[in-house]
Q: 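Before I ask anything, let me first share the structure, which is written out below as structure tokens.
Proteins get letters first, then strands, A, B, ... in listed order; numbering begins at 1 in each.
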2 protein chains.
Amino acid sequence: MSSVEPARRGVRLPRKARREQLLASAQEVFVTRGYHAAAMDEIADRAGVSKPVLYQHFPSKLDLYLALLEQSSQDLVDRVQQALDSTDDNHHRVRAAIEAYFAFVDDKSAAFRLIFESDLTNEPAVGSIVEGTDQRCALAISDVISADTGLPEDQAMLVATGLTGMAQTAARFWLREQGRIPRDQASQIMSVLAWRGVSGFPKTH
Amino acid sequence: MSSVEPARRGVRLPRKARREQLLASAQEVFVTRGYHAAAMDEIADRAGVSKPVLYQHFPSKLDLYLALLEQSSQDLVDRVQQALDSTDDNHHRVRAAIEAYFAFVDDKSAAFRLIFESDLTNEPAVGSIVEGTDQRCALAISDVISADTGLPEDQAMLVATGLTGMAQTAARFWLREQGRIPRDQASQIMSVLAWRGVSGFPKTH
DNA sequence: CACCTATGTTACTCGCCAGTAGCATTCGTT
DNA sequence: AACGAATGCTACTGGCGAGTAACATAGGTG
């Protein structure tokens, strides 16, 4: 695992490559320590570089964090959107969307911690990204629900939000208990649960 | 609202009463600012008292926070347990348990922010309380599911955890959007969704 | 090869805030 | 009324960590 040991010092890198490396280091540190306990010195160290270099690439700790957060947010939203677009059978849609949450949580980058376990949600910029992520996923799901059931928008959005919460929580639980249940089976069970729930609402056509 | 304006200074209180008042002040501050942005000075101020007095009652900021966290954790677990004990009709159980989440989130103390939106989950003591809360609720639900369906324990726990996540997320969403859907109706919709989901698993008897 | 810019370093400052030392005041008790 | 214990206050320390000033060197280019 190259990601665990810090990079060697004294190696010069072109600006763009250094930036990418710094983002990777920052992601590891933020993900394991959280925002508050993460030290800019540690992030720099892990990239084999000193702190001022870090500040040549990012104006502040918050900006660095936001860059990573936005990236992870978009990643999740994309995964969910792709899952919904991957078929037009709603049963399969549910299956794919829930699997998307499991895959996101199972990603080795642990990016999900930034979104689902941020310790800076009181910072407005962070809060709005975190809430926005959930909202964008829920909106995509809600559109499908609205289109294929008689539920008014408000209620469809409530149901969709509940389902994202279910998927997220179940996926994180599965990750903690890894080994007891295979991923396929876990996400399958949750899909069955969710599908039985939503498929019972009145059809419009 | 007496809870908004700080208490008058210069009023002496017996130890026990002061402690309760400090806990109440701390709850307000932690809930609105989060752990990190909460200043011990502000907590003391809000109780109409100076900081050293606060330290006569609690040895550290963390201890103070933990005291509140444990209280809120127990509160939620109790509500869920009581909901499950309130009937032996599983349909009603689901309804009552989900309503418990909505009621907890709707409580004016906003205690739910401590549990569901803590910004100190990296502190082990805090993390274990927060996870433990979810786990204790899920366990209580899982027992019911296990007893009345053919699901093995692992899977029942997964389903139960997913349901707690759904209830929690939906309740918080409802709170943000307050006014658009009455609480009864919102928790009713989620109950229908959840009940259709779980009631489909094979019965043992 | 000499110069100049990119990249990088060491060693600070500066503000914030949890926690404390030492002193003042009220109030019940005798 | 006088004393002691409980309650409270002002004013500090000490450490941590984000952000910076000033200096150093590699390496491409004429």
Q: Which residue pairs pass the side chain to side chain donor-acceptor pair (under 3.5 Å) test with at least one member in residues 119-133 of chain A, sequence neighbours excluded?
A: A:S73-A:T133
Q: Do the rings of B:F112 and B:F104 sit parallel, tilted or perpendicular, given the 30° and 60° boundaries?
A: perpendicular
Q: Could you tell me the boundaries of the chain B footprint on DNA chain C, defined by atoms under 4.0 Å from its heavy atoms?
A: C:dA18 to C:dT26
Q: Ignoring hydrogens and angles, answer whether the base of D:dG17 and the side-chain atoms of A:K61 contain a donor-acceptor pair closer than 3.5 Å.
A: no
Q: D:dG8, OP1 or OP2 - any side-chain N/O from B:R9 closer than 4.0 Å?
A: no
Q: Strictly by modelled atom types, are B:S86 and B:R93 linked by a side-chain donor-acceptor pair under 3.5 Å?
A: no
Q: Does C:dA18 adopt a syn or an anti glycosidic conformation, taking syn as a chi angle within 90° of 0?
A: anti
Q: Is B:D134 salt-bridged to A:R172, going by a charged N under 4.0 Å from an acidic O?
A: no
Q: Over all strands shown, is B:A44 touching base, sugar-phosphate only, or nothing at heavy-atom distances under 4.0 angstrom?
A: nothing
Q: Atom CG of A:L64 and atom C1' of D:dG19: how far apart are they, to the nearest Å?
A: 14 Å
Q: Which atom pair, heavy atoms only, marks the closest approach of B:R196 to A:G197?
A: NH2-O, 2.7 Å
Q: Paired with C:dA6 by Watson-Crick or G-U wobble geometry, both distances under 3.5 Å: which nucleotide is it?
A: none
Q: Between B:P52 and B:K16, which has a closest nucleotide on DNA chain D that is more 5'?
A: B:K16
Q: Quick one: closest heavy-atom pair of A:Y65 and A:S118, and the distance?
A: OH-OG, 2.8 Å
Q: What is the distance, rounded to the nearest whole Å, between atom CZ of B:R19 and atom C1' of D:dT7?
A: 16 Å
Q: How close or far is atom P of D:dT10 from atom CG of B:D41, stated in whole angstroms?
A: 11 Å
Q: Give a yes/no answer on whether the side chain of B:R18 brings an N or O atom under 4.0 Å of OP1 or OP2 in D:dG8.
A: yes
Q: If C:dG19 has a Watson-Crick or G-U wobble mate with both distances under 3.5 Å, name it; if not, just say none.
A: D:dC12
Q: Starting at the 5' end of DNA chain C, which residue's closest nucleotide do you reach first, B:L62 or A:K51?
A: A:K51
Q: Nearest nucleotide by nearest heavy atom, which residue falls closer to the 5' end of DNA chain C, B:H36 or B:R12?
A: B:H36
Q: To the nearest angstrom, how far is A:Q56 atom CD from D:dG19 atom C1'?
A: 13 Å
Q: Looking at B:R46 and B:E42, is there a salt bridge between them, counting it only when a charged N and a carboxylate O are closer than 4.0 Å?
A: yes
Q: Taking OH from B:Y55 and P from D:dT10, how many angstroms apart are they, rounded to a whole number?
A: 17 Å
